[in-house]
Amino acid sequence: MKKFETHTGVVAPLDRKNVDTDLIIPKQFLKSIKRSGFGKNLFDEIRYLDEGQPDQDCSGRPLNPDFVLNKPEFTGSSILLARTNFGCGSSREHAPWALDDYGFRAVIAPSYADIFFNNCFKNGLLPIILTEAEVDELFNAVAGEPGMSLTVDLVNQKVVSPSGQEYGFEVDAFRKHCLLNGLDDIGLTLEHADDIRAYEAKRRESAPWLFDAIK
Amino acid sequence: MAGKTLYDKLWDAHLVRQNEDGSSLIYIDRQILHEVTSPQAFEGLRLAGRKPWRIDANLATPDHNVPTTERAGGVDQIVDPVSRIQVKTLDENCDEYGIVEFKMLDERQGIVHVVGPEQGMTLPGSTVVCGDSHTSTHGAFGALAHGIGTSEVEHVLATQCLIAKKMKNMLVRVDGELGIGVTAKDVVLHIIGVIGTAGGTGCALEFGGTAIQSLSIEGRMTICNMAIEAGARVGLVAVDDKTIEYFEGRPFSPTGEAWNAAVENWKDLVSDADAQFDTVVEIRAEDIKPQVTWGTSPEMVVAVDGQVPNPANAADSDEANAITRALQYMGLSADQAITDIKLDRVFIGSCTNSRIEDLRAAAEVVKGRKVASTIKQALVVPGSGLVKAQAEAEGLDKIFVEAGLEWREPGCSMCLAMNPDKLGNGEHCASTSNRNFEGRQGFGGRTHLVSPAMAAAAAVTGHFVDVRTLETN
Ligand code: SF4
């Protein structure tokens with residue numbers, strides 16, 4: 001998993017409540033055998049004017065000019081600013097996979113759906129909770145200065161605006177540790193690689209047949 | 001101190017470490033991979049630049065998507081593009097990482113839960129995982145086995161371990177003698193009818209008692225296969241002489257000195273006499289008759305001589321509503337006799353009942369008879385290429401074909417209808433599989449779970465019939 005310490009990037013404002021996982025990545029794209037490559041279909045329904053098909057080349061599709069990510073000021077944005085209950089709907093990990101693949105590193109919203117919130121951490125994406133008033137303030141700031149950047153400082157748990165305004169946020173200590181060090185579940189388990197090897201060495205003596213190769 | 005249950009022993013033998021957050025790391029001896037739940041796990045490994053921890057602890061075979069009709073053309077012959085891509089991807093991933101795979105045209109290909117034990121790849125006392133909930137099957141010979149999700153498949157590939165929490169211990173004792181014509185499938189359906197589909201939630205469910213001991217290893221696999229339908233991710237049966245005999249001489253079974261050592265070790269794979277279980281359920285074998293599910297959950301089950309329930313007799317309004325909803329979906333009426341249910345298709349197969357003993361039992365019933373003219377299709381789908389070869393060597397295929405059943409290539413087939421074998425909207429099917437959920441066997445399809453002998457009897461009569469009343473040929 002990618003490490004997350006501090007990140008500075010363009011903020012894209014998505015002014016909608018209850019953005020669900022189907023809106024983030026519609027179900028016709030979930031049959032894929034991959035967990036990468038979903039970025040081109042992120043927000044497909046509101047991003048393009050036609051109906052998207054799996055495996056389609058999206059470069060020639062008609063774009064919805066009103067959708068935030070299609071506006072030139074927001075191309076290359078990596079921080080998503082959203083409203084309450086972001087990521088509601090299904091438990092699929094495809095939603096964070098799609099956000100990550102598009103290039104987002106953090107989401108800022110007043111609240112999230114539980115499973116989505118958990119899945120973000122598993123995939124190196126930082127979901128930040130700010131108060132509704134603070135989120136409002138950021139929406140206003142972006143409206144006044146489209147294309148502005150924010151800095152997300154996970155070490156000190158704050159979001160910093162170009163004018164120097166700071167917004168503190170909470171994050172679970174264990175999850176922070178994982179993100180700072182780029183540890184997913186697998187990374188964490190591999191921290192105990194010595195224990196695993198020690199177990200194997202001992203077990204190999206008491207039950208060697210379990211180490212016969214399947215070949 | 002109280003003794004240990006079989007589950008306690010398996011857990012202790014595989015405990016690598018206790019994590020600070022209360023979870024544990026347990027060691028996984030064997031992983032079986034199939035085409036549906038593995039692609040994103042391999043992709044994840046690749047994206048993170050990781051390597052499998054122990055390549056030779058894995059075995060792969062495509063099963064969920066493969067066509068069961070003539071398939072000499074291999075992968076390229078799969079019509080559905082998504083299915084084809086999934087099978088191809090499994091082939092490519094296994095080739096890239098050097099994982100042994102029984103590909104579509106390999107005689108050893110088949111359903112993961114049939115192939116693993118058949119090869120001696122899953123052994124008593126081992127931990128077995130697979131991205132499929134019916135991995136509980138492998139508990140039949142004293143292995144700690146359960147299904148996992150795709151991120152866990154990746155976790156096991158990368159670390160050979162799983163993050164787990166210890167479950168509770170539950171024992172279902174079935175004592176006494178099973179009547180003639182009453183099979184393992186009837187036993188497990190009856191158990192689910194008694195304890196419910198959530199009865200084993202959070203538990204490792206051991207099946208014991210003299211009736212379980214009297215079953216063959218294949219019968220015990222049928223029982224453990226459906227532990228998950230009783231809510232238990234893990235099913236278990238203690239090791240005995242039959243278990244040891246079953247594994248002797250299998251391709252991946254230990255040999256020579258290692259075999260002797262393994263046998264010594266396996267003999268301890270029983271719950272101690274003074275072991276404490278959190279829950280114990282006792283069932284009399286004599287109470288069990290051939291079973292038929294009438295609804296949309298495996299607990300909606302009655303004996304073949306019974307009737308579809310009436311919501312008016314339900315214990316409470318929740319149950320009444322559930323019955324009413326199920327009757328509506330199933331197109332049945334309250335109090336209807338089970339033997340009056342008309343059938344459109346019959347499916348004999350799936351990881352529950354597609355082994356050689358299942359096929360023998362079905363063949364014995366249809367021998368010299370004909371599939372009823374009202375049945376549109378009766379499929380027999382062996383669980384693996386080796387089961388198929390064995391059945392053909394015994395002439396079972398001819399018996400089926402002569403009776404008017406279709407003899408197919410191995411795979412999951414109509415168990416979940418990911419390949420072209422499906423029920424039509426509203427069709428009733430006597431099926432030897434394990435799930436009768438809405439739409440499981442095709443949109444609007446109506447599944448009735450039964451034993452292979454009962455499915456065969458239904459095929460030749462066109463409706464459910466107590467197989468014990470059919471005269472033997
Ligand atoms: S036969 Fe059915 S239950 Fe068994 S593995 Fe295949 S799809 Fe799953």
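In what follows, chains carry the letters A, B, and so on, assigned in the order in which the sequence lines appear, proteins first and then strands, with residues in each chain numbered from 1.
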Is atom [atom1] of [X] surrounded by more than 12 heavy atoms (other residues, nucleotides or ligands) closer than 6.0 Å?
X	atom1	value
B:F443	CZ	no
A:E73	CD	yes
A:E132	CD	no
A:D15	CG	yes
A:D55	CG	no

Do you know which of [options] has the most heavy-atom pairs with chain A at a distance under 4.5 angstrom?
options	result
B:I99, B:I55, B:V36, B:L25	B:L25
B:Q86, B:Q119, B:R50	B:R50
B:A158, B:G44, B:G125, B:S126	B:G44

**Report entry** Proximal to chain B - members of residues 185-193 of chain A, heavy-atom separation under 4.5 Å
**Finding:**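 Those residues of residues 185-193 of chain A which have a heavy atom under 4.5 Å from chain B are A:D185, A:I186, A:G187, A:T189, A:L190, A:H192, A:A193.
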Report task. Start with the C-alpha distance between A:I33 and B:F42, add both sets of side-chain angles, then the distance that settles side-chain contact (heavy atoms from CB on, under 4.5 Å), and finish with yes or no. Result -> CA-CA 10 Å; A:I33 45 156; B:F42 281 109; over 6 Å; no
**Report entry** Value rounded to 0.5 Å, distance of CZ in B:R30 from CG in A:D212
**Finding:**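 The distance works out to 7.0 Å.
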Query - Distance (rounded to the nearest 0.5 Å) between B:L59 CG and A:I214 CD1 - result: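 Output value for this atom pair is 6.5 Å.
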Query raised in the report: chain A contacts: which residues in residues 243-262 of chain B have a non-hydrogen atom closer than 4.5 Å to it?
Result: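 Those residues of residues 243-262 of chain B which have a heavy atom under 4.5 Å from chain A are B:F252, B:P254, B:A258, B:A261, B:A262.
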Requested in this report: Output the residues of residues 137-152 of chain B for which the shortest heavy-atom distance to chain A is under 4.5 Å, in residue-number order; output 'none' if no such residue exists.
Outcome: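 Near chain A, by residue number: B:S151.
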Is [X] in contact with chain A via its backbone, its side chain, both, or neither, using a 4.5 Å heavy-atom distance?
X	answer
B:N19	side chain
B:L15	backbone
B:A13	both

Query raised in the report: Is the closest side-chain heavy-atom distance between B:Q160 and A:Y199 below 4.5 Å?
Result: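 Not touching, per the 4.5 Å side-chain cut-off.
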Query - Trace of the side-chain contact (heavy atoms from CB on, under 4.5 Å) decision for A:R35 with B:E154 - result: CA-CA 12 Å; A:R35 71 170 77 188; B:E154 182 184 342; 2.6 Å; yes
Requested in this report: Output the option from A:K202, A:R197, A:M1 having the highest count of non-hydrogen pairs under 4.5 Å with chain B.
Outcome: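 Of A:K202, A:R197, A:M1, A:R197 has the most heavy-atom pairs under 4.5 Å with chain B.
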Requested in this report: Please check if the side chain of B:E43 supplies one atom and the backbone of A:S36 the other of a donor-acceptor pair under 3.5 Å.
Outcome: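 Yes: the side chain of B:E43 pairs with the backbone of A:S36.
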Report task. Run the numbers on A:K215 and B:D56 for salt bridge (charged side-chain N to carboxylate O under 4.0 Å, His left out), then give the verdict. Result -> CA-CA 7 Å; A:K215 58 170 194 244; B:D56 62 12; over 6 Å; no
Query raised in the report: side-chain hydrogen bond (donor to acceptor under 3.5 Å, both in side chains) with A:S32: which residues, sequence neighbours excluded?
Result: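 Partners of A:S32 under the side-chain hydrogen bond (donor to acceptor under 3.5 Å, both in side chains) test: none.
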Report task. Check step by step if side-chain contact (heavy atoms from CB on, under 4.5 Å) holds for A:R203 and B:H14. Result -> CA-CA 9 Å; A:R203 185 74 171 157; B:H14 289 90; 3.6 Å; yes
Query raised in the report: What is the minimum heavy-atom distance between A:S206 and B:N265, and which atoms define it?
Result: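 The pair with the smallest heavy-atom distance is O-ND2, 4.2 Å.
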